[in-house]
Structures are given as C-alpha cells and as structure tokens.
Protein chains: 4
Amino acid sequence: MVVVMSPDATEADLERVVEIVRAAGAQAFVSRGVSRTIVGVVGDHTRIGMLSLRNRRGVADVVRISAEYKLVSREHHPERSVIEVGGVPIGPGFLTVIAGPCAVETPEQTLQAARMAKAAGASLLRGGAYKPRTSPYAFQGLGEEGLKILADVRAETGLPVVTEVVDAHDVELVAEYADMLQIGTRNMQNFSLLRAVGAAPRPVLLKRGMSATIKEWLMAAEYIAQRGNLDIVLCERGIRTFETATRNTLDISAVPVVHRLSHLPVIVDPSHSGGRRDLVLPLARAAVAAGADGLIIDVHPDPSIALCDGDQALCGDDVEKVAELTESLGVLMGRVPATGLTATRD
Amino acid sequence: MVVVMSPDATEADLERVVEIVRAAGAQAFVSRGVSRTIVGVVGDHTRIGMLSLRNRRGVADVVRISAEYKLVSREHHPERSVIEVGGVPIGPGFLTVIAGPCAVETPEQTLQAARMAKAAGASLLRGGAYKPRTSPYAFQGLGEEGLKILADVRAETGLPVVTEVVDAHDVELVAEYADMLQIGTRNMQNFSLLRAVGAAPRPVLLKRGMSATIKEWLMAAEYIAQRGNLDIVLCERGIRTFETATRNTLDISAVPVVHRLSHLPVIVDPSHSGGRRDLVLPLARAAVAAGADGLIIDVHPDPSIALCDGDQALCGDDVEKVAELTESLGVLMGRVPATGLTATRD
Amino acid sequence: MVVVMSPDATEADLERVVEIVRAAGAQAFVSRGVSRTIVGVVGDHTRIGMLSLRNRRGVADVVRISAEYKLVSREHHPERSVIEVGGVPIGPGFLTVIAGPCAVETPEQTLQAARMAKAAGASLLRGGAYKPRTSPYAFQGLGEEGLKILADVRAETGLPVVTEVVDAHDVELVAEYADMLQIGTRNMQNFSLLRAVGAAPRPVLLKRGMSATIKEWLMAAEYIAQRGNLDIVLCERGIRTFETATRNTLDISAVPVVHRLSHLPVIVDPSHSGGRRDLVLPLARAAVAAGADGLIIDVHPDPSIALCDGDQALCGDDVEKVAELTESLGVLMGRVPATGLTATRD
Amino acid sequence: MVVVMSPDATEADLERVVEIVRAAGAQAFVSRGVSRTIVGVVGDHTRIGMLSLRNRRGVADVVRISAEYKLVSREHHPERSVIEVGGVPIGPGFLTVIAGPCAVETPEQTLQAARMAKAAGASLLRGGAYKPRTSPYAFQGLGEEGLKILADVRAETGLPVVTEVVDAHDVELVAEYADMLQIGTRNMQNFSLLRAVGAAPRPVLLKRGMSATIKEWLMAAEYIAQRGNLDIVLCERGIRTFETATRNTLDISAVPVVHRLSHLPVIVDPSHSGGRRDLVLPLARAAVAAGADGLIIDVHPDPSIALCDGDQALCGDDVEKVAELTESLGVLMGRVPATGLTATRD
C-alpha cells in the first residue's frame with residue numbers, strides 16, 4: 001500500500017500516518033519528494049487492509065498494490081493448472097468443448113442435445129436443472145428431476161455432466177449427480193454458495209459476474225480455493241456495457257489477462273456473450289485464437305421451442321462447424337481436443 | 001410483443017410466424033407497410049415469452065413491450081405504498097432515515113453508532129452481522145452474535161433494526177432478531193434468497209444490483225412479492241460505470257423513474273454510492289430533492305479503525321447535518337421526518 | 001509517480017529503473033519492503049510522463065499520482081471562480097438558469113422560447129444554430145441565420161446568448177453573435193476546437209463528454225485555459241451506462257467531486273441527462289441540492305413539432321416550476337438567483 | 001416506427017396519433033390487442049423522425065425499427081466492399097496489416113518503424129503527425145513536418161501512408177501527403193471533420209468512438225458516405241467499460257455484427273484496445289479469427305523512449321510473430337495477405 005501525502009500536509013500529519021501504520025504492526029517507508037511525500041506500507045495484508053487512512057488529515061490518496069488473491073494467483077503457482085472433470089482435462093495443451101441445452105426440458109430433448117454436443121466435438125455435457133431467471137414468471141428448471149435426466153443421458157452417451165447450482169444447500173444433492181458444479185454469473189459473489197462448493201468434492205466452473213472486474217472474479221475463485229477446492233475453471237461470458245447490438249460484450253482480453261494473473265484454466269461462453277446464434281461461431285473462433293482453454297456452447301434440437309435462451313442456441317449444420325473450428329484452430333494454437341479416456345466416475 | 005419482418009420476408013415466412021403465434025394461443029395482428037410488415041402479438045405473457053421468433057426466417061427484429069412485473073407495478077396499483085418497519089413508516093409524505101455502522105463490531109461501537117444515528121435524525125438502525133466481502137480475507141461479520149448486539153441496542157435505544165441476510169437458510173434466524181431484512185447489491189439476483197425473504201414475516205430492503213437495470217431490479221422485487229411479501233422498500237446505491245473518482249455512480253434518476261413505474265418506496269444510500277465521506281451530505285441532499293422516500297447512511301464512532309468501509313462512514317459534526325438537511329429539505333419536498341410511534345415489535 | 005517492482009525483480013532490474021528515472025532528470029526514492037520494493041519518482045511532470053517503465057523487466061505496476069491539470073485545479077487556486085456572461089454571474093453564491101430551445105428553428109419559436117426561459121427564471125438564453133446530430137439526415141441547424149435570430153431575440157428580451165460552436169473555424173463568427181460559446185459533449189476532446197475557444201474573447205460552457213472521466217473533462221478545460229481563457233463553466237449532462245430507462249445517467253456526484261478538484265463553476269443539464277420531460281424537474285432539484293452553480297434547460301413552445309429533442313423539452317406549467325424550485329431550494333443552499341445587472345455587451 | 005398506446009389511452013388519443021402521423025405524410029396501421037393498441041408507422045424516414053409522439057397523451061412507448069443509415073448498409077449493397085489504399089486492398093479475401101509508430105518523432109525512428117512494419121507483414125504504414133492527446137502538456141505531434149517524414153519514408157520503403165487528421169481545415173494538406181485519412185476515436189462524432197473527409201479524394205479509416213454504439217459508428221460512416229466518399233474502412237479499437245485491467249475493452253463481437261449490417265471492411269486495433277504490449281498478439285489472433293479484414297498495430301524501435309503510448313508498442317521478436325500469425329490464421333480464414341501490386345500514387 002502506498003499513502004500519498006498532499007502538498008500541504010504538515011510534519012505532524014506525516015508522523016500521525018506513520019504512527020498508525022506502525023501501531024498496526026506494519027512497516028512505513030517515507031520518501032520525501034520536491035512537492036510530495038509518499039509513505040510505502042508493507043506488512044500483513046489483512047491488518048493493513050483494515051487501516052482507514054484515506055480521510056486522515058494530510059492524506060491525498062491511498063493506493064493498494066498487493067494482489068489480494070493468493071491461492072489462485074500465478075505469482076505463487078507459476079505453472080498453469082490442468083483440471084480434470086470426469087476424466088476429461090481442461091487446461092494448457094487441451095481444447096475442451098462443453099455443450100448442451102441451456103435448460104433440461106425433457107429426456108428426449110436432453111439426449112438429442114447431447115448427441116448434438118458430441119457432433120460439436122464436446123467431451124462434456126452442459127444442461128441446467130436449476131435456472132436463475134430474471135423473471136419469476138419464466139421457466140425455473142426441473143430441479144432434481146432434471147439432474148436425473150442428466151445422469152441418464154451421461155450413462156447413455158458417456159459425457160460427464162456440468163450443471164449449475166444456485167443454493168448453498170443444494171450443493172450436496174447436485175454433487176451427487178454432476179461431475180462439475182457451475183456457478184452462474186448472478187451468483188459470482190454469492191459467498192455462501194462459493195464457500196459451499198469450496199467444500200464439495202467436485203470441480204467448479206466459475207462464470208464471471210456480468211459486471212465483475214477481473215480482480216473481483218479472481219477473488220471469488222479465491223473464496224472457493226480457500227475452502228480447499230482448487231479444481232476451478234474460470235468462464236468469461238460477456239460483461240455489461242452500453243452496447244445494445246449484443247446481449248453482453250464478450251471481454252476477449254480477459255483470456256490473456258487471466259492467464260497472466262492466475263494458474264487456473266479459462267474457457268469462453270460465446271452463446272451467452274452475444275446472445276445471438278449468428279455470433280456463436282465467430283466468437284468461438286476468437287476465443288480459441290485468444291488462447292482460451294475451452295468453450296461452453298448452447299445447442300438445442302429445436303431452438304424455436306426452447307424454454308430458455310432459444311435465440312442463442314446452435315442447431316443444424318452449425319453444430320459440426322464447432323468441431324471443425326476447434327480442430328483446425330486448436331492445432332494452430334498447439335492444443336489437442338480433450339477426450340475423456342475414462343469417462344467414468346468414482 | 002411486436003415482430004418486425006425483414007424487407008425480403010416472403011408471404012410464407014409471414015404465415016409461419018402467424019401460425020406459431022396462434023399455435024401458442026396468442027393473437028397476431030398483421031400491419032403491411034410499404035417496406036416492412038409488422039406483426040403485433042397479444043395474449044398470455046408467459047406463453048408469448050416462450051416463443052423464439054427472432055431466428056425465424058424473415059424476422060428482422062422482435063420487440064417486447066409489456067412490463068414483465070405486475071405486483072410491484074404502479075400500473076396495477078396506482079397509489080404509492082407506505083411500508084411500516086417496527087412502527088416506522090417509509091413512503092410518501094415521510095422522510096425516513098436509516099443509519100448505523102456498516103458492520104457490527106462490538107456492543108460499545110454499535111451503541112455509540114446508534115446514538116449517532118439518533119443524532120442524525122434516524123428512526124431505524126442499520127448494522128451488518130453478515131457481511132458479503134469481495135475478499136475472503138476481509139472481516140466477514142459476527143453472525144448471530146452480531147444480531148444479538150443489534151437486539152440489545154434496539155432495547156436500549158428504541159430503534160428498530162435493519163440488517164442484511166445473505167443465505168436463504170439464515171432468513172428465519174435473522175427475522176427473529178431484525179425488524180427489516182436487507183438484500184445486498186451482490187444478492188439482488190440470488191433468487192433462492194429472494195424467495196426466502198418473500199416468505200418471511202418481515203419487510204425487505206432490496207438494494208439495486210450494481211449492474212442491474214431498473215427493470216431487472218423491479219423483477220427482483222417481483223420475486224419477493226410473488227411469494228406474498230409486498231412490504232418491499234427499494235434502495236438505489238450506485239451503479240458501475242467507467243468513472244473512477246467515485247466507488248459507484250449514484251443513479252439519481254432511478255428515484256423518479258421507479259416512482260413512475262412502481263408503487264414501492266425508494267430510498268438512497270449516499271454512503272456506498274460515492275464511497276467517500278465528503279460526498280455523503282451532497283448526495284443525501286440530491287436524493288431528498290429528487291424525491292427519495294428516505295436515506296440509509298453509514299456512521300461510525302471512529303471510522304479510522306472501522307473493520308468495513310471506514311472511508312465512507314460519517315462522523316463528528318457531519319452527523320447532525322443529516323438531521324438538519326432532512327428537516328429543511330424535507331419540508332420543502334412535503335415530507336415529515338418518520339418517527340416510530342410504536343417502536344415495539346410483536 | 002510510483003513504480004512497483006515485482007517480487008522476483010533483481011537488484012539489476014531495480015538499478016536500471018533508477019537509472020532511467022535519473023537520466024530523465026527526475027529523482028528516484030527506493031523503499032524496500034518485505035515482499036516488494038517501491039520506487040517513488042518525483043520531478044518535472046512532462047519528462048516523467050514520457051518515461052515508459054511499465055514494460056521494463058522487474059516492473060509490476062506504475063501508478064501516477066500527480067494531477068495533470070494545473071490552471072483549472074483548485075490546488076493552485078483555492079477560491080472558487082465566478083464567471084460573468086454578458087453581465088450575468090455564474091459561480092458560488094448564485095444560482096444561474098440558462099434556458100431556451102434545443103435548436104433555433106424560426107424567429108417566432110425562438111422568441112416564444114426566450115419568453116418561456118424568462119418565466120423559468122433564466123437569465124441567459126440557450127439555443128443551437130449549429131447542431132451536431134448523430135444522423136446526417138437529421139436537422140443540422142440554421143447556421144449563421146440562426147445566430148442572427150438569437151441576436152435579435154437578445155435585443156428584444158435582454159437575455160445574453162449561449163450557443164454551440166462545432167468547428168474551430170466558426171469560432172470567430174459565433175463569438176461575434178454570442179455571449180458564451182458552448183462546446184458540446186461530442187466535441188469535448190476536439191482539441192482544435194478547444195484551442196480555438198481558448199483564444200476567443202468569450203466565456204466557454206464545456207459539456208462533459210458522454211464517456212469522459214472527470215479527470216479527462218478537467219484536462220479538456222485545461223486545454224482552453226492554457227490558451228489564456230480561464231472563463232470556463234463546466235456542464236454535467238449525463239454519462240453513458242448500461243441503463244436504458246434514461247437517455248444518459250446523470251452523474252450527480254460529479255458536482256461535489258469537481259468542486260473539490262477545480263475552482264471552475266459546474267452547472268447541470270437535466271434535459272439531456274434523462275432525455276425525458278418528466279425527469280427534468282426532479283433532476284433539476286437534485287442538481288441544485290447537490291451544490292450545482294446553475295442549470296441549463298430545454299424549453300419549447302410546442303415540443304410535439306420540435307426539430308430536435310422534443311421529448312425532453314419543458315413546456316406549459318412546468319416552466320414556472322423551474323423558477324419556483326430554484327428560488328426555494330436556492331435559498332436553502334445559500335444562493336441567490338443570478339440576474340444580469342447589465343445585460344449589455346461591449 | 002411503432003407507437004405503443006398505454007392501456008388507458010382513449011379512442012381520442014389514438015385518433016390524434018393517427019392524425020399526426022398522416023399529417024406528416026406517413027401511413028398509420030392500427031392493431032388493437034386485448035390490453036394494448038399498437039400503431040405501425042411507415043413512410044419517409046426523415047419526416048417520421050421529426051414526429052415527437054413519445055409525450056403525446058395515451059402514448060406508452062415509441063420504438064424505431066428502420067435502420068437510419070443507407071449508403072453504408074448491407075441491406076442496400078449486399079456484397080462486401082474492397083477498398084484500395086495506394087494500391088493495397090482491404091476487404092473480403094484479404095488480410096491487410098497496417099503498422100508503424102503511434103507518433104512520428106524523427107526521420108530515423110519513422111524509417112526504423114517502417115522496416116519493423118514490413119517485418120510484421122504490413123503493406124501500409126501508420127504514423128501520427130497530428131496527435132489528439134488528453135493532456136495539453138503531452139506531445140502533440142510534429143504537424144506538417146511529420147507528414148513530410150512519412151512521405152519520405154514511403155518513397156524509401158514503398159509503403160503507402162495512413163495518418164490521422166484532426167481538423168476539417170487540415171484535410172486538404174494531409175491528403176496531399178497521405179494515402180488514407182484516419183479519423184480518431186475522439187473525433188468519430190466531429191461532424192465537420194467527417195464532412196470534410198467525405199469530400200476528400202482519399203479513403204478514410206474511421207475508428208469507433210470509445211463510447212459509441214455500433215449504430216452510431218455506422219451513422220458516422222454515413223456522414224462521410226453522404227458526401228460522396230464511400231471508400232471507408234471501419235476500425236474497432238476498444239470501448240470504455242468498468243474493467244481497469246485493460247485500457248479499453250476490445251469489443252470483438254463488433255466485427256461479425258458490423259459485417260452483418262454494413263458492406264464496409266472492418267479492421268481491429270489490438271494495440272489501443274488493450275493498451276498493453278503483452279496483449280497485442282492474443283488480441284490480434286482473436287481479431288483475425290473473428291473475421292476482421294485487417295489489423296492496425298503500433299510498433300516502435302525503442303518503446304521505452306516513445307513520446308506516445310510506448311506501453312503498447314510492439315518491438316523485438318514479437319514483430320515477426322504478427323507476420324506469422326496473419327499468415328497461418330489468414331489461410332485458415334480464407335484470406336491472403338494484402339500486398340500492394342502498385343504501391344505508387346497518382
């Protein structure tokens with residue numbers, strides 16, 4: 001932390017700041033410039049974070065400089081992690097596709113969508129049984145019935161299952177059925193839920209909050225990691241801006257930025273980012289080219305009757321184009337398609 | 001809903017759209033223009049919402065026009081509501097101040113802060129026992145111990161208590177101690193939690209999500225209302241923008257906009273909006289002048305040692321200025337200070 | 001400027017940074033912490049600004065700390081300025097209303113609007129002869145003919161004229177007719193234009209860019225000031241956010257923030273902020289309560305046929321409510337209505 | 001345009017709306033629903049745009065549906081355009097790289113940067129002689145001296161020149177030296193300047209305003225086109241969001257979205273988007289994969305002493321990686337590197 005004194009700060013103001021810092025058990029380094037004096041503060045992060053110096057007499061500004069996440073930081077873990085989901089790897093060297101319906105509606109629709117997922121080159125199946133919806137009058141998901149459908153489809157197709165959990169008290173139940181627990185964008189700072197999945201025996205897919213900074217996203221991952229679960233995959237899914245041509249604005253820069261800051265894998269959701277079917281393939285290509293470790297894509301056998309987000313679900317010929325693009329672009333990016341050698345669960 | 005056909009749509013495209021609409025039990029009205037044809041869709045909202053027409057051949061755009069919230073809408077309830085919290089009214093004709101520490105730390109600090117709240121003209125006490133914090137290493141609140149402190153301070157001062165709940169499964173416990181349940185900005189779309197407070201026997205203070213549109217905020221209120229609890233007060237607390245001089249950007253326009261759309265009271269949080277002590281009073285004045293039904297303000301006996309958000313807590317002489325400003329401006333705006341005639345609970 | 005070294009920076013990395021700083025004629029102060037070393041850089045701002053240290057080996061971050069504007073800064077000019085426009089003051093102690101039509105359309109419409117402006121308590125007349133419009137097919141203003149109409153209406157009503165200039169080469173012409181030159185939001189960083197009005201013998205109304213930070217806005221003012229014209233009034237007119245209920249989001253906090261940073265007066269445009277007639281009065285009240293030095297408001301005798309922004313123009317009874325609100329709220333805020341003692345020009 | 005009547009609109013309200021529409025020479029189509037009545041308005045766009053219906057009694061909402069740009073729209077020109085710049089094509093089938101220094105500083109630096117540009121596979125040279133800078137104290141460019149340096153370097157290297165123009169009255173001068181005129185992000189809505197380049201005999205590179213919607217960007221292009229110059233290339237360079245890890249947020253979706261809406265080529269600036277050297281290559285890859293027609297990249301022989309934006313300039317080995325990536329990815333995307341067959345000017 002750096003404390004910048006204002007030009008008219010007195011010697012007493014400065015001494016008072018140094019005194020507060022030292023009283024908190026931290027060290028203070030004073031640099032006197034021609035027009036400004038600066039106090040560098042070094043020590044235990046938690047205690048320093050509690051100091052309230054900004055409103056002290058003579059203080060012009062306080063700048064924090066130390067990363068506040070540790071376990072997910074690349075600073076402390078330079079090598080990038082590979083996370084396994086039901087035997088399928090996500091991480092450097094691999095390109096992993098997760099696909100499936102936005103929401104589980106019926107066994108038939110889910111099975112058909114799973115077959116489309118395979119055609120798209122996916123090695124993991126996505127599908128929502130619990131749907132957080134903006135409107136209380138929209139379809140809210142089938143709940144446990146949906147989880148059972150997913151498990152049946154896994155048995156049929158061999159694809160491990162990624163599904164969302166929305167309540168800390170459902171984590172145990174969902175973990176029984178699913179191979180990976182998804183935290184949705186609206187729950188990125190639902191800290192009870194983060195703690196609960198942090199204690200679960202399943203890897204976690206953590207979507208970025210739609211207005212979260214990259215730093216806050218990594219802090220949310222740190223909540224999970226702190227509980228002992230380091231099997232975390234980050235998912236960029238678009239942020240909120242003034243642009244209205246797309247549902248959200250895919251922050252493609254987040255991929256290389258996160259790779260610099262964290263050892264965790266990062267995948268991209270081109271379906272929710274744009275919210276438009278015609279943007280899924282171009283955004284998927286951009287994601288792979290930017291270095292993403294994978295993709296998560298909505299597919300639906302008949303989007304026109306989908307109960308959730310039909311406008312963005314891939315269908316028809318476009319599905320196979322996902323497999324093509326990941327293969328050709330993947331090779332160029334030094335990645336092989338992830339395949340589950342042992343798509344069985346313990 | 002209005003479906004706009006593209007210029008090159010064929011008669012068959014149009015017929016297919018009309019067919020889909022009718023198959024869903026809704027009515028379709030076709031208007032043929034020189035260069036465009038438009039289909040107006042009228043009928044049961046839920047069913048129409050499920051139609052996925054945007055990607056149909058020949059469809060250029062789909063525009064939704066009907067408000068998706070009903071119970072909280074002013075359209076169906078033209079008179080503005082007054083909500084009672086432990087005998088204290090919030091709503092038209094009143095100006096209600098809620099004040100207290102950001103976090104409950106000790107009995108002494110809470111009692112002192114409650115006395116400051118009274119000096120600020122507050123008739124309700126705020127204070128967090130469960131704190132959702134960006135960092136897992138930051139102070140997370142005292143939990144039930146904090147709730148007990150709040151109850152003791154209420155007994156001492158007569159101020160009913162407003163406190164945050166962060167987990168659906170804590171609602172019952174928190175409701176035992178508190179007079180009003182607060183939903184924080186990060187939980188505005190935690191739908192499990194919204195449903196839980198919707199079933200609780202306490203009024204709810206619903207903070208706006210930091211990147212939520214006004215419509216999404218009202219939809220979140222609708223989740224609560226739909227469970228039977230219509231005692232909801234909305235709280236504008238700043239939204240996220242590119243500006244960095246302030247923690248958030250207070251969206252002052254939200255006050256008159258919400259008053260147009262909903263019968264629920266709206267209060268403003270000038271402390272979290274700006275995140276700076278020196279902005280609290282100007283923003284509080286702006287809020288009252290814009291028509292806010294109340295204010296919620298952080299106070300702390302010694303902000304320099306506050307465990308949470310010390311930079312924005314009011315202290316010293318500024319506290320009484322809150323009482324002065326609400327009185328003088330309140331009169332001008334046709335409002336009387338809310339006082340709890342019967343600050344007792346059942 | 002503060003340079004933060006990364007944890008793995010070597011002694012040689014540090015020395016190289018210090019060397020570069022010193023070579024540029026600046027001073028370097030090294031603080032060695034337990035986990036991080038920090039270099040404070042002090043010296044001539046321009047030269048330091050040119051150093052590119054962020055990509056040096058061993059550098060983790062570079063933080064700038066010195067304000068980059070000087071002439072408009074309150075640091076160097078603690079007392080707030082009062083700017084005179086055709087004899088009418090804008091600044092501390094006064095509440096100045098500028099009103100008129102968005103665009104000058106006809107002599108009759110402009111004269112009628114000027115009379116409405118007077119009824120609104122305005123002491124300055126606004127009106128656009130040059131209109132920057134998003135669409136090339138929209139009405140672009142009457143040009144010099146519009147300036148002549150404004151001058152005639154000034155002669156008739158005694159109201160000095162505020163009008164926009166959009167091209168550096170029109171500044172001289174516009175300055176012949178106008179009492180104050182307005183720089184619109186789209187031109188806030190049109191530096192040629194800023195320099196041109198900086199050399200003009202008229203005060204300037206500088207609107208905030210719709211996506212400009214407060215700092216950039218003050219830097220734009222510095223461009224004008226640097227050319228010798230310090231008669232600048234800042235105008236907050238809403239920023240661009242994800243919210244769609246309003247045309248822009250009025251950043252009400254900008255008023256007290258700018259008052260802290262700069263000695264220049266700040267006024268608010270409640271018409272363009274919200275873009276809705278029903279929001280003009282609440283936002284005007286909020287602006288005055290937040291400490292604004294004035295208001296600029298669109299009025300139109302018949303908004304339904306306005307050639308520009310009719311949706312936001314005040315009309316009918318609402319016009320007089322502006323005068324009422326500024327009077328009552330103005331007194332409370334310690335301000336008197338600005339009146340032009342000598343509404344004549346040299 | 002569609003006018004949505006409110007539920008309580010009377011028959012007289014409806015008739016008045018229809019009357020206004022018809023009086024303006026447009027056609028009105030009334031659709032009566034169970035709870036709402038809708039009026040479709042069709043006719044001459046300009047006249048309809050002037051109608052102010054939103055504030056009419058009984059009107060709930062007004063939705064515009066017709067694209068407001070025509071000449072740049074793909075609706076009227078389905079085939080994508082190829083623009084030639086000094087003999088070098090930009091458009092479908094080609095991948096065109098523009099590279100060079102952010103600012104022209106000296107003849108040596110510019111020549112060296114041009115050689116780096118060639119090594120990067122560029123067929124066009126960028127370089128600023130007029131620099132729009134946030135601070136009046138920052139380096140503002142060499143002006144005409146810089147233009148001469150660019151012309152000399154073109155003679156030496158054969159690379160046609162792309163350079164920014166910031167004032168309508170410099171267009172003629174800059175067009176004498178340059179092969180393509182660049183409009184910078186801050187001038188995207190400087191309509192005088194747009195009109196001036198619209199009348200110039202040179203192709204135009206139109207950067208997106210940092211807070212412009214895609215629609216506004218296309219409207220700005222329409223200003224240029226309307227003056228007779230249809231040789232326009234669009235450049236996405238990042239938009240402003242709340243994220244602070246990057247200078248701007250590259251809106252990668254803008255590439256496919258613009259390709260849908262307009263026949264004009266779109267290139268991407270990965271240097272200004274991220275503002276960080278380490279993001280240039282990943283963002284360049286993402287751009288090509290998303291379908292961009294080209295790239296514009298900052299290079300500098302010694303970024304640490306650059307007078308402008310040194311933090312984002314490529315240097316060293318990374319330069320050749322641009323050529324590699326465009327070649328390998330270009331082939332995959334069905335594009336060949338653009339080379340100037342006749343890199344001479346008339």
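The sequence lines fix the lettering, A, B, ..., with proteins before strands; numbering per chain opens at 1.
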Practice prompt. Tell me, for C:T213 versus chain D, whether the close heavy atoms (under 4.5 Å) come from the side chain, the backbone, both or neither.
Written response: both
Worksheet item: For C:R56, is it the side chain, the backbone, both, or neither that has a heavy atom closer than 4.5 Å to a heavy atom of chain D?
Response: side chain
Discussion item. Between D:Y223 and chain C, with a heavy-atom cut-off of 4.5 Å, which part of the residue counts as in contact: side chain, backbone, both or neither?
Written reply: both
Worksheet item: Who wins among D:A168, D:G209, D:S192 for the most heavy-atom pairs under 4.5 Å with chain C?
Response: D:S192
Item to complete: Take D:V280 and D:D318, measure what side-chain contact (heavy atoms from CB on, under 4.5 Å) needs, and give me the verdict at the end.
Response: CA-CA 9 Å; D:V280 173; D:D318 284 345; over 6 Å; no
Fill in: Side-chain donor or acceptor of C:E222 paired with backbone N/O of C:K70 under 3.5 Å
yes
Worksheet item: At a heavy-atom separation under 4.5 Å, does D:N187 approach chain C through its side chain, its backbone, both, or neither?
Response: side chain
Discussion item. Using a 4.5 angstrom heavy-atom cutoff, name the option from C:F242, C:F191, C:Y130 with the most pairs to chain D.
Written reply: C:F191
Worksheet item: Between D:V171 and D:A196, what is the shortest heavy-atom contact and its length?
Response: CG2-CB, 3.7 Å
Worksheet item: Of the listed residues (D:M188, D:E216, D:Q140, D:Q189), which shares the most heavy-atom pairs with chain C below a 4.5 Å separation?
Response: D:Q189
Worksheet item: Is it the backbone or the side chain of D:Q226 that comes under 4.5 Å from a heavy atom of chain C, or both, or neither?
Response: side chain
Response to the item:
If one checks every heavy atom of C:R195 against chain D at 4.5 Å, the contacting part turns out to be side chain
Worksheet item: Can you check whether D:K207 reaches D:H272 side chain to side chain, under 4.5 Å on heavy atoms?
Response: yes
Worksheet entry | C:P270 and its side-chain contact (heavy atoms from CB on, under 4.5 Å) partner, picked from C:L279, C:I297, C:D298 | C:I297
Worksheet item: Does the pair C:R16 and C:E19 meet the rule for a salt bridge (Lys or Arg N to Asp or Glu O under 4.0 Å), with working shown?
Response: CA-CA 5 Å; C:R16 180 76 185 122; C:E19 202 178 299; 3.1 Å; yes
Worksheet item: Given a strict heavy-atom distance threshold of 4.5 Å, which part of C:N190 is in contact with chain D: side chain, backbone, both, or neither?
Response: both
Worksheet item: Checking C:P303 against chain D: side chain, backbone, both or neither under 4.5 Å from a heavy atom?
Response: backbone
Practice prompt. Compare every heavy atom of D:L206 with every heavy atom of D:A221, then report the nearest pair and how far apart it is.
Written response: N-CD2, 3.5 Å
Worksheet item: Under 4.5 Å between any side-chain heavy atoms of D:R237 and D:N248, yes or no?
Response: yes
